[in-house]
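We use all heavy atoms of the structure for the numbers below, so side chains are in, but hydrogens, waters and symmetry mates are not.
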Amino acid sequence: ILQKIISLPARQFRWAILIFCLVNACLLRVTSPQRAFEAMQIYDGVHYTVTAAQWLQAGHLTIPINGEDLPAAKAPGFSMVLAPFYLLFGEDLGNAIWGPFFLGVFSLFLFYFLIRRLTDRATACLGFLLLSFSPLHIAYSGTIMPSMAALFFVLASALFLAQREKNPI
């Protein structure tokens with residue numbers, strides 16, 4: 001199989017590398033939602049998770065403590081980004097992990113298309129490969145923190161701006 005993959009023409013070989021990286025990137029980032037939530041000891045992640053669930057259930061961004069709704073201490077943006085993932089995967093608090101997971105995987109594609117727009121396909125493939133196996137990218141796409149959302153939106157904005165320019169460099 002490896003000889004067949006290596007003997008592919010350059011265009012097909014690049015697609016084979018991209019598919020290989022995407023599959024491995026997903027496998028490296030997939031974890032059980034319940035295990036991820038139980039292992040999460042970070043106050044911020046719990047805050048975002050509970051706030052997003054409360055927004056869907058009660059319609060306001062608060063944290064219920066002792067029967068009282070306290071105002072959220074964090075900005076509501078990331079909680080609102082997590083909310084659609086609760087709608088897709090259920091309102092179990094552990095399902096919030098799918099938000100950073102998908103944002104991390106989609107950021108790989110945005111990174112590839114941005115580098116491809118600025119340089120060539122071979123360099124974009126190499127960038128995709130390096131980012132998909134980056135330990136920091138893997139770690140942040142497995143935690144309920146706004147890092148992956150920030151990266152996703154920055155890359156989306158950069159790609160949007162690069163697409164508007166006729167000659168970005």
Note, Pro100 side chain near Leu82 side chain (heavy atom, < 4.5 Å) = yes
**Message:** Does any part of the side chain of Asp120, heavy atoms only, come nearer than 4.5 Å to the side chain of Thr123, both counted from C-beta?
**Reply:** yes
So CG of Leu161 and CG of Leu114: to nearest 0.5 Å the spacing works out to 9.5 Å
Is it true that a side-chain atom of Arg116 and a backbone atom of Arg121 form a donor plus acceptor pair closer than 3.5 Å?
-> no
SG (Cys125) and CD1 (Ile115) are apart, to the nearest 0.5 Å, by 11.5 Å
Separation between CZ (Phe152) and CZ (Phe111), nearest 0.5 Å, reads 15.0 Å
Margin query: Please confirm whether the ring centroid of Trp98 lies under 6.0 Å from the ring centroid of Phe89.
Written below: yes
Quick check: do Phe102 and Pro84 have side-chain heavy atoms less than 4.5 Å from each other?
no
Exercise for the section: Take Phe78 and Ile144, measure what side chain to side chain contact (heavy atoms under 4.5 Å, CB included) needs, and give me the verdict at the end. Expected result: CA-CA 9 Å; Phe78 185 59; Ile144 302 173; 4.1 Å; yes
Problem set entry | Residue pair Val81 / Phe153, side-chain heavy-atom distance below 4.5 Å | yes
So CZ of Phe101 and CZ of Phe85: to nearest 0.5 Å the spacing works out to 10.0 Å
Check: Do other residues, nucleotides or ligands put more than 12 heavy atoms under 6.0 Å from Tyr140 OH?
Finding: no
**Asked** Among the clusters formed by ILVMFWY side chains lying less than 4.5 Å apart, do Val154 and Tyr112 turn up in the same one?
**Response** no
Start with the C-alpha gap between Leu110 and Phe106, add the side-chain angles, then the distance that decides, and say whether side chain to side chain contact (heavy atoms under 4.5 Å, CB included) holds.
CA-CA 6 Å; Leu110 290 175; Phe106 292 147; 5.5 Å; no
dist Leu103:CG -> Leu108:CG (nearest 0.5 Å) comes out at 11.0 Å
Rounded to the nearest 0.5 angstrom, the OG-CG distance for Ser134 and Leu129 is 11.0 Å
| request: May I ask you to decide if Gly104's main-chain N or O and Ser107's side chain share a donor-acceptor pair within less than 3.5 Å? | output: yes
| query | Are any non-hydrogen side-chain atoms of Thr143 and Met148 less than 4.5 angstrom apart? | reply | no
